[in-house]
There are 2 protein chains.
Amino acid sequence: MVKNSSAAMPAKTAILASAKTVKTTVRTRATQRRTTRTRKQAEKPAIPVHIIPLGGLDEIGKNMTVFECGNDIFVVDCGLAFPDDDMLGIDLVIPDVTWLEKNSDRVRGIVLTHGHEDHIGGLPYVLRNINMPVYGSRLTLGILEGKLKEHGLLGKVELNVVEPGDKVQFGCMEVEFINVTHSIAGSLAIAIKTPSGVIVQTGDFKIDCTPILGDMIDLARFGELGKNGVLALLMDSTNAERPGYTMSERKVGESFDALFQRAQNKRIIIATFASNVHRVQQIVNAAACYGRHVAISGRSMVNVINIAIELGYLDVPEGLIVDLDLINRYPPEKMVIVTTGSQGEAMSALYRMAFSDHNKIEVGPNDFIIISANPIPGNEKTVSKMVNELLKLGAEVVYESLAEVHASGHACQEELKIMLGLTRPKFFIPVHGEQKHLRKNMNLALSMGMDKRNILITEIGQVIELTPNSCKVIGTVPSGRVLVDGFGVGDVGSIVLRDRKHLAQDGLIVVVATIDSVAGTVVSGPDIVSRGFVYVRESESLMDETRRVAKDVLEECAENGIKEWGTIKSHVKDALSKLLYERTKRSPMILPVIMEI
Amino acid sequence: MVKNSSAAMPAKTAILASAKTVKTTVRTRATQRRTTRTRKQAEKPAIPVHIIPLGGLDEIGKNMTVFECGNDIFVVDCGLAFPDDDMLGIDLVIPDVTWLEKNSDRVRGIVLTHGHEDHIGGLPYVLRNINMPVYGSRLTLGILEGKLKEHGLLGKVELNVVEPGDKVQFGCMEVEFINVTHSIAGSLAIAIKTPSGVIVQTGDFKIDCTPILGDMIDLARFGELGKNGVLALLMDSTNAERPGYTMSERKVGESFDALFQRAQNKRIIIATFASNVHRVQQIVNAAACYGRHVAISGRSMVNVINIAIELGYLDVPEGLIVDLDLINRYPPEKMVIVTTGSQGEAMSALYRMAFSDHNKIEVGPNDFIIISANPIPGNEKTVSKMVNELLKLGAEVVYESLAEVHASGHACQEELKIMLGLTRPKFFIPVHGEQKHLRKNMNLALSMGMDKRNILITEIGQVIELTPNSCKVIGTVPSGRVLVDGFGVGDVGSIVLRDRKHLAQDGLIVVVATIDSVAGTVVSGPDIVSRGFVYVRESESLMDETRRVAKDVLEECAENGIKEWGTIKSHVKDALSKLLYERTKRSPMILPVIMEI
């Protein structure tokens, strides 16, 4: 099955990929490549390697790992994370790259393992301040290009397409790309040749022996690396809690086949992840087989499918895809609509269909809907909500995991053990997962007889030093979460979030009064404005009481000669807090504003 | 196995439970019972029954069903629901009982099937306005008493303990209580004898043939009712998506046994639902067997265990339970701590232990923690967060469903079919579940050959009319969600919630100015206050710009002779919205306050 000849090529004969095999799609800056500069260091075997995870450890998302050796630095991935429930109003979260920015003169480039948001979504933000050459598969860079365009960075960043087997030199470190299977095409693992030894980072992977497109995961190359000696393995922990094997993507195609038969006289609507090109290919195949046309709904779905077709990752028969505006020209039972919304996202196409809010598609009893994805933890309730609405419209909805309409992209326990067994690393660092996933991954290695002292469960910001004989944490660098809100990157901090939480919980009361600065007397107000606390029209007596109490406090302050605004405000605040809590058992934010004339 | 002799008693010989067999635990009002008043109506076979679900259909929680026949009304359950993510600041949700309040003179009483929050949690709020006699098992009423105490209602409401086999007359309707198994002791189904026929409402149930305490579910009585003819069945749909059978609660005990052996030298901490008395019993049994003491952590856990011991639902060997303050007197390996927090609730005992915030228990590598519950949909992320923290403290944590440390309390597909097969209803109304659960329950009945026209999927507020030959919706009554926030019941409506959402998303800007009412000129301000929008100290130039733009607008208004406050405010709002969105891509709430002197 292994067709990639370079996988069998001895490491010694490797050519410098950056100079020869890497096809550069966009190269706008004529700056000299810095990657060959420190070649000589490779002869010194004693230089330790530093691995610095900046994201993805003890958390889900924003995967990012830094490798440092001597004077050279390169980065693997730069993802985003979605905000936690308590990050009110935040759009997304990216890694803190303070340390990398300080050392940007030594950064030789960034390697992207695949095109998922949690591996590339943070990159446009980081590239604003650290302009480094980017390496990835065609699809990965195709998706990245769309993002760079949105950020006004297209043409300003060097993008280098790599293929499995290619090698790129980052100073004293050489990165080899290895084909893996995952829920997005163009996924790569990397083997890093360093002066201290070879480090393998799997990226996200599963062992799919019957992939939809391209070769199966290059197990032989992992085995070869293992035979030659792997110093350390950094391995995906996402599915480490799940026993057995992950279902092959091809199995989903079989399920589609059965469901297309069942849905004979109905229109079929399938929601899945926009980036899952293999899944879309199988939908296309089923549609072609059953004589149906395909229309695409949802901005990200349209984008990715266009990129995938353009780059040859998706094979669509001529004329099969029709414009969403023209679907009414075809009988419903001859249509398949591929849509976003498999996670019940509020603005997604399927969600809008469910709430009869889609401008082109109206769901009814003649629709057969397949949700070809599992809810990501945290999305269960919104997916259920959407399914319930679709059912109420009379549609048939297939959504259970039992129907085998989704296959995970991550290796389960048996596959993880195979990867461990093939690479036989001296040191093992589980990555890409919460604490519980990392521990389960560790347990797998322990069950295979690995020494616990050779396994390192660590966290972001730790500096791991690897030598031929040791693996330990030797320090820390700044790390954490940078919150993105609108144009603001990092400007929403704990104080703003705390205020949003307070406002969300109980709303606010604004108390405004104008005071004569000389006499200290109230010349206007106090006026009370309430938002998110109580509905004023139904709470007039409470508002009157609030105004009265505020007035009393202000007058008392005047009588006692208190003129310091801060003191007056805190008196007002205290009195109103007490009053409102007693009356309502709520604690709205109280904002006293005192004007003076 | 069926020990309850009354189950075999023909319905004719039934005695009026309220007068004879019901043991009244609290009867503070000497008011004459109204339940015998309309006895004569029972002779008229033609009076249709109305079933009015006020909660629990097409939603999870706040279960409540009203039965009306002629001049008589009685209620089954009155639960609460937990707020959705978008109900910011809301404590809990109860059913809208407007219709019931309008008809309160005809309400003969309320029957509680069991003591879970989603079946009794709304009752104290409803009892404030509708004082009706309450019927339930000893444990159900024991738990309710605690709630009534908190609401100052204890002693003001008539509570009547019933046993399986007991019958209570509500005017022309007679309710018979039937023993069922569920995840709380003292659970009851009901059979309602009406002039039109017998209606069975299962309440929450599973078919547990090896219950921990008491008899197994009284399948024979359901079969007998079926043989005599059941007009309609209202059946729990919670687990209708799950194939097969629900695991017996006893199986959990076997798992505990194995885990207690494994945890030999460690302290054991087990989190479960406070109300799951059977689970606690099995923990107690395991502790006794392995020579460990039990301590209890978490207010609700202490409460329910005390009630259960007092009422004889929990059998604890003398001296086994020790005070939480005294746990350090015993070796850790001789202790089991039973705690709340199985859902990762932020204020719960286990959550506080995980974040090293518990004043009595410090978790470390010597702890073996069992989370004996599955996360309720929506709680997955918080449970994971808690597990991750516990792991970081070095504790061993057993939490997977694979470990069989939890058994559901609801019937799966095979059990539901058995209930359908036993009762053989003419009409079937799936209840207690979201749309998807109701549909799956319907599909089970269809698979057994039931006519689709005899199955009614309906929603809250619908009035279902049942006659011996028909089952249809004939109208609606007001229904919905009443939000409870602090002392406020129903005072937080859509406007307040919309404001909270807006504030949570982007915070607010208050613009205050004092204007000379005669000249129209600005005499003080505008001042800008920002909360939850940007951190002012880091955004001084934006704040300056905001102030400047606000000032310009106010001066323009003055120049143009615009004196109408509403107009001035909307000009300020528009200008600042535009400015702030352009600068930040955020849309804070803008509150212009204009004072005049």
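Letters A, B, ... are given to chains in the order of the sequence lines, protein chains preceding strands, and every chain is numbered from 1.
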Of the backbone (N, CA, C, O) and the side chain (C-beta and beyond), which part of [X] lies under 4.5 Å from a heavy atom of chain B, both, or neither?
| X | answer |
| --- | --- |
| A:E596 | backbone |
| A:V534 | both |
| A:Q435 | both |
| A:R439 | side chain |

Please list, chain by chain and in numerical order, all residues satisfying side-chain contact (heavy atoms from CB on, under 4.5 Å) with B:T382, sequence neighbours excluded.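 B:T382 satisfies side-chain contact (heavy atoms from CB on, under 4.5 Å) with B:N379 only.
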Between A:G486, A:A504, A:G89, A:P375, the one whose heavy-atom pairs under 4.5 Å with chain B are most numerous: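 Looking at each option in turn, the highest pair count goes to A:A504.
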Working to the nearest 0.5 angstrom, can you tell me the gap between [X] [atom1] and [Y] [atom2]?
| X | Y | atom1 | atom2 | result |
| --- | --- | --- | --- | --- |
| B:E434 | A:E389 | CD | CD | 10.5 Å |
| B:T514 | A:I515 | OG1 | CD1 | 10.5 Å |
| A:L390 | B:K436 | CG | NZ | 12.0 Å |

Any side-chain heavy atom of [X] within less than 4.5 Å of one from [Y]?
| X | Y | answer |
| --- | --- | --- |
| B:L88 | A:L503 | no |
| A:V529 | B:L591 | yes |
| B:D84 | A:K381 | yes |
| A:M595 | B:V512 | yes |

For [X], is it the side chain, the backbone, both, or neither that has a heavy atom closer than 4.5 Å to a heavy atom of chain A?
| X | result |
| --- | --- |
| B:E582 | backbone |
| B:R498 | neither |
| B:T584 | backbone |
| B:V593 | side chain |

Report the option among B:P377, B:S384, B:G507 that has the most heavy-atom pairs separated by less than 4.5 Å from atoms of chain A.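 Winner by heavy-atom pair count: B:S384.
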Would you check, one step at a time, whether the test side chain to side chain contact (heavy atoms under 4.5 Å, CB included) holds for A:D485 with B:D506? CA-CA 9 Å; A:D485 183 8; B:D506 285 323; 4.0 Å; yes
So does [X] have more than 12 non-hydrogen atoms from other groups sitting under 6.0 Å from [atom1]?
| X | atom1 | answer |
| --- | --- | --- |
| A:K392 | NZ | yes |
| A:K501 | NZ | yes |
| A:Y581 | OH | no |

Out of the candidates B:D499, B:L508, B:V496, B:I495, only one should pair with A:R531 under the side chain to side chain contact (heavy atoms under 4.5 Å, CB included) rule; please name it.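 Result: among B:D499, B:L508, B:V496, B:I495, B:D499 is the only option passing the side chain to side chain contact (heavy atoms under 4.5 Å, CB included) with A:R531.
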So that I can tick it off, tell me whether A:R586 and B:D491 are bridged by a salt bridge, with the cut-off set at under 4.0 angstrom between side-chain N and carboxylate O.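 Yes, charged N to carboxylate O under 4.0 Å.
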What pairs with B:K585 under side-chain hydrogen bond (donor to acceptor under 3.5 Å, both in side chains), at least two apart in sequence or on another chain?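 Expected list: none.
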